[in-house]
Visitor: 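My questions will all concern the structure given below.
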4 protein chains.
Amino acid sequence: MDTHTKAGLLPIKEYQKNRARMLISCPDGPGIVAAVSHFLHQHGANIVQSDQYSMDPEGGMFFMRVEFDLENLNTRLQGIEADFQEIATTFKMEWNIFPLQKKKKIAILVSKEDHCLVELLWQWQAGDLDAEISMVISNHPDMKAYIESFGIPYHHIPVTPDTKKEAEAKQLELLDGKVDLIVLARYMQIVSPALIEPYRNRIINIHHSFLPAFVGGKPYAQAYDRGVKIIGATAHYVTEELDGGPIIEQDVQRVSHRDNVNELKRIGRTIERVVLARAVKWHIEDRLLVHHNKTVVFN
Amino acid sequence: MDTHTKAGLLPIKEYQKNRARMLISCPDGPGIVAAVSHFLHQHGANIVQSDQYSMDPEGGMFFMRVEFDLENLNTRLQGIEADFQEIATTFKMEWNIFPLQKKKKIAILVSKEDHCLVELLWQWQAGDLDAEISMVISNHPDMKAYIESFGIPYHHIPVTPDTKKEAEAKQLELLDGKVDLIVLARYMQIVSPALIEPYRNRIINIHHSFLPAFVGGKPYAQAYDRGVKIIGATAHYVTEELDGGPIIEQDVQRVSHRDNVNELKRIGRTIERVVLARAVKWHIEDRLLVHHNKTVVFN
Amino acid sequence: MDTHTKAGLLPIKEYQKNRARMLISCPDGPGIVAAVSHFLHQHGANIVQSDQYSMDPEGGMFFMRVEFDLENLNTRLQGIEADFQEIATTFKMEWNIFPLQKKKKIAILVSKEDHCLVELLWQWQAGDLDAEISMVISNHPDMKAYIESFGIPYHHIPVTPDTKKEAEAKQLELLDGKVDLIVLARYMQIVSPALIEPYRNRIINIHHSFLPAFVGGKPYAQAYDRGVKIIGATAHYVTEELDGGPIIEQDVQRVSHRDNVNELKRIGRTIERVVLARAVKWHIEDRLLVHHNKTVVFN
Amino acid sequence: MDTHTKAGLLPIKEYQKNRARMLISCPDGPGIVAAVSHFLHQHGANIVQSDQYSMDPEGGMFFMRVEFDLENLNTRLQGIEADFQEIATTFKMEWNIFPLQKKKKIAILVSKEDHCLVELLWQWQAGDLDAEISMVISNHPDMKAYIESFGIPYHHIPVTPDTKKEAEAKQLELLDGKVDLIVLARYMQIVSPALIEPYRNRIINIHHSFLPAFVGGKPYAQAYDRGVKIIGATAHYVTEELDGGPIIEQDVQRVSHRDNVNELKRIGRTIERVVLARAVKWHIEDRLLVHHNKTVVFN
């Protein structure tokens, strides 16, 4: 179990060296799948998995995820991307190719509650999150020693109403160009548009969810007073609308009148960490496409 | 399968003749369980199941459900109830004793969608809802023949903005003194305080539920646009606050971006009928106690 | 609600007239998706949904489901099928094209318990099972009047150890060439190879399932004695190995020590009817592919 | 987050000082609840929660869990226990009183896989497992440094076919009189009757569970080959029958044909750790009663 004292970065596996994933969004129309699969076949790629989804046959959007193997991917990727541009232009595609050997870099932002962070670290060490955790940023100093024991840089950036702007500038500087994904693992500060804009659809947040939703503070106390029978959590991409971004994953657990507010919170924590970890894993594995305020999840 | 053409009322089983259930709510304090169980023991009753719940040890509420057998229950019930009043007064109890041989009478109110009604009828015929369905009231005539084929009276009371008051008067007259429970099985009219007041905590409604909740019309379309991953349903007692009464039961099912609005509605219907039938069953079995806006469910 | 007295067969919707689904299984290899999608595109078809799955990139199997629209499908289908044979031969495909306007014909076999049958009828009437229920066959006469009230032929074929062979001959004669799918909706007779062989992967059965599995009779009593916390049901295609065929769908529900054997059976019935109906729906919608003893479910 | 470097033992909370839990099993009969609640009331105790369950009204077993507050519990406990013996004898009770301030001592046995152990440690540090982790025993040395960093003694006792008897003797010596509960957190050795006997109903094991169950080795590979749609885990008390003891808790998760064997194992690990942690928590909170091969769970 020495993984617990090492940095936990997984080595690139043999099969990953020549494998890539392609994500495509475009207006629907005839011939897209044929064009893409014909293109890949012509270039000698072997499709190992392919998913499509058409939001609405008549005038809707088309989404595609293709996982393929290609000999000498490394040296040929740039050429492939250049050649594909013609198809992309024809079909007005937004698209990306992600080679598996280029591990995504994650920054985790956290406040005092550590359950989501600990779960992500644990899954990362167990090899279940195939990414690099590049840094942890917190508005509290508490977890510094713990995080650094994994070999992960820990940046303590205090945030007060007075220093919020300055703090965000520091965050942006730390993050700039260094990470592919930002995970808000119970980061209890509202993130400003200056951070959201450059990381559009690349910031994942987790929050509790109830049926029905409760407006105002202390939602767990409200849920207890109302006697809800189910509590849940929602992982979503962060947009300018607070907790209103595209939903990635949700899950729930049954509770009863016997569960007091603390017990509800405890159960909520377990749902939160599991749901957030799933959402992060899917993002890392390029399973998520966003259109307007909605995700398509190829899992 | 002749049950499908008969009225489906279950005969009283042997063990039900001398069995009753007692429901108690009162301020918590020492000695309640001792007093109740001592009382029943003194009167020769045998407790076959007992549940208690204390909302908060310090100055909170206490809830109790006792199921007991008593020889010659029929002739002795009135005496028992009279004797118990002393204990009830001491502990400031709200209480009721329900003998099992007195089947609860249900009125089902329905509009055009029949899935919840059909599920209730089906469970009732299968012997899983041990009650009497006394009547169905609808603002549409469509299901008259179908319901009457079960031997159940069907009352068509049209409702328009102009005739709403009059229609409700007719409903109240039909119901008056004849039913123990009203089930709104997708009854798409708002029920007025004149109906709620005399049937406080005895009207059960079902409605769809989402994480997050969607304000405004067409919630399924909104849920689709937002790409929710879970949809649910909530059964609750009806209060003057629309869809805001004490929650009895909730359940959910996973959905994906592949489910269009119609598919979401279809899945929603299956959750609705299962959740409503569970709530009705628990009410019939005296498993529900209400305090403020919250239920205690002894199941 | 006149659907309850009519035969319930859904009319063909406009969009269904020119829509078809194609199911393909073949050894995996490069170029399959390209060939299929290129073929469809060349013939003027528009792919509205496409799913692929590769069991194992290296030397495994490839599965594909394509839903497409094609003008004048009716008159062109035969030609398309003839043309496709070349691709099919090249890639060693097993394949089928199912036009949506050709509704699948279902025979339901049932014994005394009616919960699964009633659920199928109910979903069929609600328009959620887009198929034709051609006949019900039972070894008991009980449900004759009920089934015939839907306009569905009911065949009572008694089965005794002595007449089993003869009974099966009668069943085969009734079914011969007239149905696409046989549903065993709690049919409590073992089906012989003579019936299985011609309907390979077209007979669906439902049975209860427990964690752990219980060997021998009275599994619900065993489950109660063991105090299981979860009970479930499994829908599967029927093979010569009893309850051992490819699994299509499973689901579970939590139970507790408070649920006695009858309560476990009641809960089991609800899971069974929901799981069986889902499996039947997926088969009807051509979402199921079988390889060896395993299903691929494109849902 | 200094909890991550400290031993994590929770201080005794104020309300715990005078609180205890009583567990009772006895043959059912009239007057038990009255006798127990009257006894507690007479001695000045205030019942804060009480659950009963009667396995079968006619000649079955009765189970009870009472949580109560009593001033000066510490000094009065012995007297209470002595006084209660009369009632216990009358009703042939097996019974125990557990004061909350006496934290249960746990030994965790583990082999190489660490997911269950890590979850228990994490919940323990978060304050969700209100117990003392007294030691970790492993047949591998790998986790020594990690465990000792929590201040928990780590005993490496290698087990080979030749040394199994000797190894168990060492384990028994280490455990003797020092622990209340043994948790097999993926301990891959069969535990012998010599260990089971003195810790009857105090050893909890976790193992994967499938619908259907798979006989023989490599169950995950078998589950993949069969295409199961649900995988699960079962926590149970250990008896002489391998994996056949009383079930405490079970849970499941949906999987699909897309999940390969490794993915099934990964998902299985998450279910295992959650289910085991729940079972351990319930044991610690005295929510479990065992009768024959079945648990009653008061939660």
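Chain naming here is simple, since letters A, B, ... match the order of the sequence lines and numbering starts at 1 in each.
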Visitor: With A:Arg269, which residues qualify under salt bridge (Lys or Arg N to Asp or Glu O under 4.0 Å), at least two apart?
Guide: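 In terms of salt bridge (Lys or Arg N to Asp or Glu O under 4.0 Å), with neighbours along the sequence ignored, A:Arg269 is linked to D:Asp128.
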
Visitor: Just to be sure I understand the criterion: a residue of residues 285-299 of chain A counts if one of its heavy atoms is under 4.5 Å from a heavy atom of chain C. Which ones qualify?
Guide: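 Answer by number: none.
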
Visitor: Using the test side chain to side chain donor-acceptor pair (under 3.5 Å), find all partners of C:Glu263 that sit at least two apart in sequence or belong to another chain.
Guide: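 So C:Glu263 forms a side chain to side chain donor-acceptor pair (under 3.5 Å) with C:Arg266.
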
Visitor: Who are the salt bridge (Lys or Arg N to Asp or Glu O under 4.0 Å) partners of A:Lys17, not counting sequence neighbours?
Guide: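 Partners of A:Lys17 under the salt bridge (Lys or Arg N to Asp or Glu O under 4.0 Å) test: A:Glu14.
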
Visitor: Would you mind checking if A:Lys104 and A:Glu132 are paired as a salt bridge, meaning a charged N to carboxylate O distance below 4.0 Å?
Guide: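 Salt bridge: no.
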
Visitor: In terms of side-chain geometry, is the basic nitrogen of C:Arg278 or C:Asp251 positioned less than 4.0 Å from the acidic oxygen of its partner?
Guide: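 Result for this pair is yes, salt bridge flagged.
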
Visitor: Test the C:Lys265-C:Tyr224 pair against the cation-pi criterion, namely NZ or CZ under 6.0 angstrom from the six-membered ring centroid and within 45° of the ring axis.
Guide: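 That pair does not qualify as a cation-pi contact.
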
